[in-house]
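One structure is given here, and the rest of the page talks about it.
In what follows, chains carry the letters A, B, and so on, assigned in the order in which the sequence lines appear, proteins first and then strands, with residues in each chain numbered from 1.
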Amino acid sequence: MSVRVRFAPSPTGALHIGGVRTALYNYLFARHHGGAFILRIEDTDQNRYVPGAEAYIIDSLKWTGLIPDEGLGFGGDYGPYRQSDRKDLYGQYARELVERGHAYYAFDTPEALENARQNAENFTYNFHTRRTLQNSLNLPATEVQRRLAGGEHHVIRLKVEPGEDILVRDLIRGDVVFQSSELDDKVLLKADGMPTYHLANIVDDHLMRITHVIRGEEWLPSTAHHVLLYRGFGWTDTMPQFAHLPLILKPAGNGKLSKRDGAKFGIPVFPLPWKAENPEDSFTGFRDTGFLPEATINFLALLGWHPGDDQEIFSMDELIRAFSLAHIGKSGARFDYEKAKWFNQRYIHAADNAALAAHIQPLAAARGYRSDLPFLTKVAALMKERATFLPDFVEQGSYLFGPVQVYDEETIRKKWNPGFQPALEALAGIVSRTNPYEAATLEEQVKQFIQDQGLKPGEILPLLRLALAGTMKGPAVFDMAVVLGREESARRLAEAPDHFNRAMAETAG
RNA sequence: GGCCCGUUCGUCUAGGGGUUAGGACGCAUCCCUUUCACGGAUGAAACACGGGUUCGAUUCCCGUACGGGCUACCA
């Protein structure tokens, strides 16, 4: 039987990075085994539905390259892949379970249950308490029929028999045993006719022929109920295998990573930006922060999984080849943003200059900067060794796109002296004259000049850099001068003394 | 509270009855470089605790502590 796995997010808002990792592991598992990766939208809670969330999920998968073989927006033979579009199906199955004696109708109102919770500490709807509640197990059959026919408020609950051990075989955690007496009679079909997660999940996994359920650890406790459902339906022979992933924890403090942690720690916890009417509900993502999708994937892959050796940089193909559920850890993994940055830096360094230029183009254009690819390719080559994020190219390299905005005052104070004015003017002359206009020849000429004048490199080179860039941080000066171009470089050198003098005057005053 | 899962450097992790407990991020120092980075080298840094089992436990078992998840007509 060929492997079929699904990623089944709920469209309740932006998909956070933990969800992306779950999708990634499902994707890698499917690809590794030559199976299918399916996207299913679990929108059974009408109250929590958020418009735009579905599109966000799909866009996120596309950005990260986790393209489903089947699913909402991707076609496939097992649709529809949105649970609200399958609503009628679940009612039938729920009623079938009632007929089979594994579920029952319950007429208790939310208020009545709320009341029961108030009166009894730790109230649960189970084999014990259900005897005193309003359900088809207690009410006379005629009464049940009457209420049903009258369209009275009701749900369908799973009938959990007490006194059984329920074994969950987990591919990551091993065997986990639950006592059925501890389990509650979960609602399967809600009063609005929609299924709960538990029912919809089992029905769809069965109908979609899912072979492996790879999901977050938060689902482990309810897996016992799911096993009971497979039994109730008589589907145990095709029950998927389970693998519960360790959670991603907050960068600091306690608890699992949550949506709010992005703002709290000043880091992205979403793949893409999410804009909501309320600014507090809007988030930045990895993409707009300037992460490359490949770096994001690589980072996420290693958050909870390891290859078994010391390799850390993985292409998607390499991940697919190396991936195995056996190498997924059991304990929660703390979100390490420093490591994420390191991955991005590595990927930017290794990236092709033309490819980087394409990434930089929209950023340059947005600032009104020159944004032709040949030029941006040169900028990429010049700057990529010190970029961590994509916007670094236009932010740290702003002087490559236009006039120097700010000259570093401290360097002016330390290095500038009006006596160097003739030297800078001479440098402008060298820049205008040097042929060919290349870094190596330029360097040779400038150093020759410094030597001929009896100056020290440490006196002149910093001024050269400052004149061209305004800052002491940056790429090799002569390479920079070449990218700036002969005319622009000469102009900056010629005008620099004025800027320096003015800055000196201002600090003095 | 109950149920379930987990616990190796600050972080991600390898390892597994006898190891100098390995790698990576971050940090520190040095080298390279008259910038900032990259790169290279070096260093500090861990088996939660207590009992067993064993010749020997970080590794196996049991407790404790701590952390996490679940406990909805949410997923």
Is it true that [X] and [Y] have a side-chain N and a carboxylate O under 4.0 angstrom from each other?
| X | Y | answer |
| --- | --- | --- |
| A:R86 | A:D88 | no |
| A:K384 | A:D352 | no |
| A:R130 | A:D185 | yes |
| A:R413 | A:E410 | no |
| A:D392 | A:R386 | no |

Between [N] and [M], how many Å separate the two [atom1] atoms, rounded to a whole number?
| N | M | atom1 | value |
| --- | --- | --- | --- |
| B:G15 | B:U58 | C1' | 10 Å |
| B:C30 | B:A14 | C1' | 29 Å |
| B:U20 | B:C60 | C1' | 25 Å |
| B:G67 | B:A48 | P | 16 Å |
| B:C47 | B:C9 | P | 7 Å |
| B:G69 | B:G50 | P | 28 Å |
| B:C66 | B:A24 | C1' | 26 Å |
| B:C3 | B:A46 | P | 36 Å |

State, with a plain yes or no, whether a side-chain heavy atom of A:L188 is found less than 4.5 Å away from one of A:R157.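 Side-chain contact under 4.5 Å: no.
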
Beyond-backbone contact of A:H359 with A:F393, side-chain heavy atoms, under 4.5 angstrom: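 No, side chains not in contact.
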
Does CZ in A:R169 sit with more than 12 non-hydrogen atoms of other residues, nucleotides or ligands closer than 6.0 Å?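 No - once you tally the heavy atoms of other residues, nucleotides and ligands closer than 6.0 Å, there are 12 at most.
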
Residue [X], side-chain heavy atoms: nucleotide from [options] that is nearest:
| X | options | result |
| --- | --- | --- |
| A:D310 | B:U34, B:G22, B:C73 | B:G22 |
| A:V155 | B:U11, B:C38, B:C73 | B:C73 |
| A:K339 | B:C38, B:U7, B:A24 | B:A24 |
| A:T124 | B:C73, B:G22, B:U71 | B:U71 |
| A:Y197 | B:G23, B:A75, B:C12 | B:A75 |

Starting at [atom1] of [X] and ending at [atom2] of [N], how long is that distance when rounded to a whole Å?
| X | N | atom1 | atom2 | value |
| --- | --- | --- | --- | --- |
| A:K250 | B:U11 | NZ | P | 17 Å |
| A:F393 | B:C36 | CZ | P | 20 Å |
| A:L188 | B:A72 | CG | C1' | 14 Å |
| A:H306 | B:U8 | NE2 | C1' | 13 Å |
| A:Q118 | B:A72 | CD | P | 13 Å |
| A:Y125 | B:A72 | OH | P | 14 Å |
| A:L257 | B:U11 | CG | P | 16 Å |
| A:E385 | B:C32 | CD | C1' | 13 Å |

Taking for each residue the nucleotide of RNA chain B bearing the nearest heavy atom, is the 5' side occupied by A:M472 or by A:V176?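 Its nearest nucleotide lies further toward 5', so the answer is A:V176.
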
Assuming nearest nucleotide by heavy-atom distance, tell me which of A:R465 and A:L189 is located more 5' along RNA chain B.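 The residue mapped nearer the 5' terminus is A:R465.
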
If pairing requires Watson-Crick or G-U wobble contacts with both distances under 3.5 Å, which nucleotide is the partner of [N]?
| N | value |
| --- | --- |
| B:U54 | none |
| B:C70 | B:G2 |
| B:A28 | B:U42 |
| B:U35 | none |
| B:U7 | B:A65 |

Would you say [X] reaches [N]'s phosphate, i.e. side-chain N/O to OP1/OP2 under 4.0 Å?
| X | N | answer |
| --- | --- | --- |
| A:R117 | B:C73 | yes |
| A:T44 | B:A75 | yes |
| A:R48 | B:A75 | no |
| A:K186 | B:U71 | no |

Report which part of the nucleic acid [X] touches: base, sugar-phosphate, or nothing (heavy-atom distance under 4.0 Å, all strands).
| X | answer |
| --- | --- |
| A:P457 | base |
| A:R215 | nothing |
| A:R173 | sugar-phosphate |
| A:D45 | sugar-phosphate |
| A:A333 | sugar-phosphate |
| A:T388 | nothing |
| A:A340 | nothing |
| A:G304 | sugar-phosphate |
| A:D108 | base |
| A:P475 | base |
| A:E42 | sugar-phosphate |
| A:F178 | sugar-phosphate |

With a 3.5 Å cut-off and heavy atoms only, can you find an N or O donor on one side and an acceptor on the other between the side chain of [X] and the base of [N]?
| X | N | result |
| --- | --- | --- |
| A:R386 | B:C36 | yes |
| A:R334 | B:U11 | no |
| A:H153 | B:C73 | yes |

When the aromatic ring centroids of [X] and [Y] are compared, is their separation below 6.0 Å?
| X | Y | result |
| --- | --- | --- |
| A:W305 | A:F314 | yes |
| A:Y25 | A:F323 | yes |
| A:Y197 | A:W219 | yes |

Could you list the residues that satisfy side chain to side chain donor-acceptor pair (under 3.5 Å) with A:R48, not counting sequence neighbours?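 Expected list: none.
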
Identify all pairs in which a protein N or O lies below 3.5 Å from an N or O of nucleotides 63-70 of chain B, and state each distance.
{"unit_1": "B:G68", "atom_1": "OP1", "unit_2": "A:G255", "atom_2": "N", "d": "3.2"}
{"unit_1": "B:G69", "atom_1": "OP1", "unit_2": "A:K256", "atom_2": "N", "d": "3.3"}

Syn versus anti for B:C38, judged by chi lying within 90° of 0?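 With its glycosidic angle within 90° of zero, B:C38 counts as syn.
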
